[in-house]
Structure formats: structure tokens, C-alpha cells
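Nothing fancy with the numbering, it's 1 onward along the sequence.
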Amino acid sequence: MSTVDASAPGSVAERLRTWEWVYLGYLLFVLAQPYFTPDREWWEWPLAFSVCAITVVLYALALLRGRSSRQIWISIVPMAVVGALATPFNTNASVLFIYAAAAAGNTLTRDAARLWFVGLTALDGVTVLVSRVPMPYRLWGFVPPLVLIWVIGLLEIRQRDRRQEQENERLRSSQVELLATITERERIARDLHDLLGHSLTAVVMRAQLTRELVLADPERARAEAEEIERNAREALSAVRSTVTGWRRTSIRAELEAARRALAGAGVRLRVDYDDHLILVATTEHELGLALREAVTNVARHARASACHIGVDADGERVRLVIADDGIGGDAPEGTGLTGLRERVAKLGGAVRRTGSAGTTLTITVPVEVAG
């Protein structure tokens, strides 16, 4: 005796064609009494047809409206009332108590539904006492509903709980999918910013240098143009890898890229790197992107003539230092440094920015994460 959720996909006509209409077959028991009664009264057939018609209307309203609180009034109460009024004259009309129990199990809380089952059971017992139907026909209409009120009602509660659990699982899956999508978008946004910021800065500066060298030093201009092409190809490849989530970088690769980028900007680079330092891939990738962002800022904004990069570790932390002798200043941090801080924070590390005559960026992460 399940009902159809009004929010489910499909038109009213589709809900009207649902297989749940087969439960109306129980109304044949209501018609069975006047059919098999040898000395039936004139009113027995009209009563049986009236009960069936009213039940069909109430059942249709329940199906069309769905499992809402309003169904309590359009199904449970009217069906119980009609059953109580008709059962003394047609004992098989007690089947309406089963319909009411099914509606209660579908719409009410577990405790409230059980109270309705108790009430419907008591109502069934009262109607059998005042019934005008002779024995043993009276018992044939009384005993089955006495059992089915509880069997059908409890089954409906179980099905409702199962539907609710499925809905909750669907919502949990949707939330996990949404969070995964947001996380992936943030990752791609950060990686693309780091990639394009670094690569396009190098391309722009080398293009400017090439323009100045075209007449003065054609050979060097040609070499710079080749370097621009190589940087552009690397950036394209890196963007493709980032979108698919396959891209990984390393400190050594970023140090080499930093050397080329700073050379194009006319900045001398000194590197102190501990060759015995071993980093896990994830940590090295994040530190490499942090190094790229810092070097891009030096090349683009610092107006520096020299830069120092140091990578070392003690017993507790790994430290990455990028220091330049540029203009420094206390300008607000852009999205690049904000993303850098977010990356390092996920590793349990910290970022410190100091300096007024030049800028020093110190990045530290726990050694247990890095090693």
C-alpha cells in the first residue's frame, strides 16, 4: 500500500499508472459479502459500491499528493471513519483499516504510527461487536485486518525508513561529489596561476629583451626567441598536465627554471641546496610551486639585481628561503602569495615575509611531512 512521492519525476498520468493501484484489489472483499450473502438486503450492494468508490477517491488523492503531512487527513482519518461506519453492515469493509494503517506507516513517525495501529485494532474490535453480520461471516472480516493492520503498517514503516536512508545516502554522495569538485577546481586554479604567472612573465621579459636585441645583436635575439618558444611549449604541456591532475614538479626542476627566468630578467642567482635532502613527492611538488611563485614575484616586481635561494633542513623542519635585494616594501599580498600560504598550510607549515630593503620569504614545513 505504498504511495508515490509527488516530488518524484514523471507526470500525474505516470503516477496514476503506477503498480501501486493493484492494492485496490482488496476492495473485492467488500463486494464479496453481498455477492455471497443468500438473503441480502436491498441496501447491501449500494453500500458496497459506495465504500469502494470512496476508497478509490481517497487512495487516488493519496497517490497524487505524495507522502506529505496532508495525507494524514486525506487518507488515514477518512478511511478509518468510513471503515468504522460501514463495517457493522459489511464486515469486509474492515479492509479500510488496513489502508489507513498503511497510510499511517508511510506518513507518521514510528511512535505515532504505532499509536494509530493500536487505535485501528481497537476500532476493528469495536465494530465486530456491533456488527449486524451473522457468525461466522463476521469473524472472516474481523480476523484478517486484526493481523494485517500490524503486518502492513510495520512493513510501510520499514520501507519509509529505507527510502529515507537512500535519500540521505544520495545527499551524502552529492555533498562529497560537490566538495571534490570544489577542491579540484581550487587545485587547478592555483596550479594554473602558478604555471601561467611564471611562464608568461618569462615570455614577456624575454620578448622585451628580444625586441631590443633584434638590431643590436641578431644572434642573441635569435637565441632569446628560441627560449621564448621553449618556454611557451613547456607552459602548454604543463597546463595540459595540470588539468588532468598528472603534473608533478620538483625542487631541482624549479631551481633550473628559476635560473633561466631570473637570467632573462638580469638577476644574478645563488643557490644553496642540500643534495642529501629527500622529500616525499607531494611535499616536493607543493614546495616547488611555492618556489615558482616566489621567483615569479622577484622577476616581475622586485627590480632586484641579485637573488638567493636556500633549501635545507634540521631535525624538525625543512626550510625554503628566497631572498632578493629589490625594492621590498609592505605592499598587500596578491592571489599568488595567498595561494602559496594555502599550499604550505595544508602541509602544516608556515610562510614568513620580511624585509623593507629587499624581501625575504621563508617557508618551513615539518620534517615528518617532508621526509
Show the numbers, then the answer: is there a side chain to side chain contact (heavy atoms under 4.5 Å, CB included) between V321 and I309? CA-CA 6 Å; V321 178; I309 299 175; over 6 Å; no

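- T283 places no side-chain N or O within donor-acceptor distance of the main-chain N or O of L279, the cut-off being under 3.5 Å.
- For the pair E284 (side chain) and I251 (backbone), a donor-acceptor distance under 3.5 Å is present.
- Taking all atoms of both residues into account, the shortest heavy-atom contact from S50 to P46 is OG-O, 2.7 Å.
- A salt bridge does not link E254 to R259: none of the charged nitrogens lies less than 4.0 Å from a carboxylate oxygen.
- Dense packing is recorded around CD of E169, with more than 12 heavy atoms of other residues, nucleotides or ligands lying under 6.0 Å away.
- Partner of L340 under the side chain to side chain contact (heavy atoms under 4.5 Å, CB included) criterion, out of L291, L361, L289: L361 alone.
- Ion pairing between R270 and D272 holds under the 4.0 Å rule for side-chain N and carboxylate O.
- Once rounded to the nearest 0.5 Å, the distance linking CG of L120 with CD1 of I149 reads 5.0 Å.
- The 12-atom threshold is not exceeded at CZ of R352, counting heavy atoms of other residues, nucleotides or ligands nearer than 6.0 Å.
- Interatomic distance, E286 CD to L320 CG, rounded to the nearest 0.5 Å: 12.5 Å.
- Remark: the backbone N or O of S305 is paired with a side-chain donor or acceptor of D325 at under 3.5 angstrom.
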Could you give me the CA-CA distance, side-chain angles and deciding distance for T362 and T354, then say whether side chain to side chain contact (heavy atoms under 4.5 Å, CB included) is met? CA-CA 8 Å; T362 304; T354 59; 5.5 Å; no

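- With contacts defined as side-chain heavy-atom distances shorter than 4.5 Å, the pair V365/V344 qualifies.
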Show your working on side chain to side chain contact (heavy atoms under 4.5 Å, CB included) between R110 and D161 and close with a plain yes or no. CA-CA 9 Å; R110 184 180 296 270; D161 292 343; 2.2 Å; yes

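- Here the CG-SG distance, from L96 to C52, works out to 8.5 Å after rounding to the nearest 0.5 Å.
- In this structure, R353 and R341 have side chains that are in contact, with non-hydrogen atoms separated by less than 4.5 Å.
- Within a 6.0 Å radius of CZ in R319, other residues, nucleotides and ligands contribute 12 heavy atoms or fewer.
- D274 contributes atom CG, which lies 7.0 Å from atom CG of D312 (distance to the nearest 0.5 angstrom).
- Between the side chain of R268 and the backbone N or O of C307 there is no donor-acceptor pair closer than 3.5 Å.
- The residues R162 and E165 are annotated as not salt-bridged, no charged nitrogen and carboxylate oxygen being separated by less than 4.0 angstrom.
- Counting heavy atoms from C-beta on, the side chains of L155 and W150 never come closer than 4.5 Å.
- Expressed to the nearest 0.5 Å, how far CD of E293 lies from CD1 of I363 amounts to 9.5 Å.
- Closest approach of A302 to D324, counting heavy atoms only: CB-OD1, 3.8 Å.
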Yes or no on side chain to side chain contact (heavy atoms under 4.5 Å, CB included) for I152 and F117, after CA distance, side-chain angles and deciding distance? CA-CA 10 Å; I152 299 297; F117 300 161; over 6 Å; no

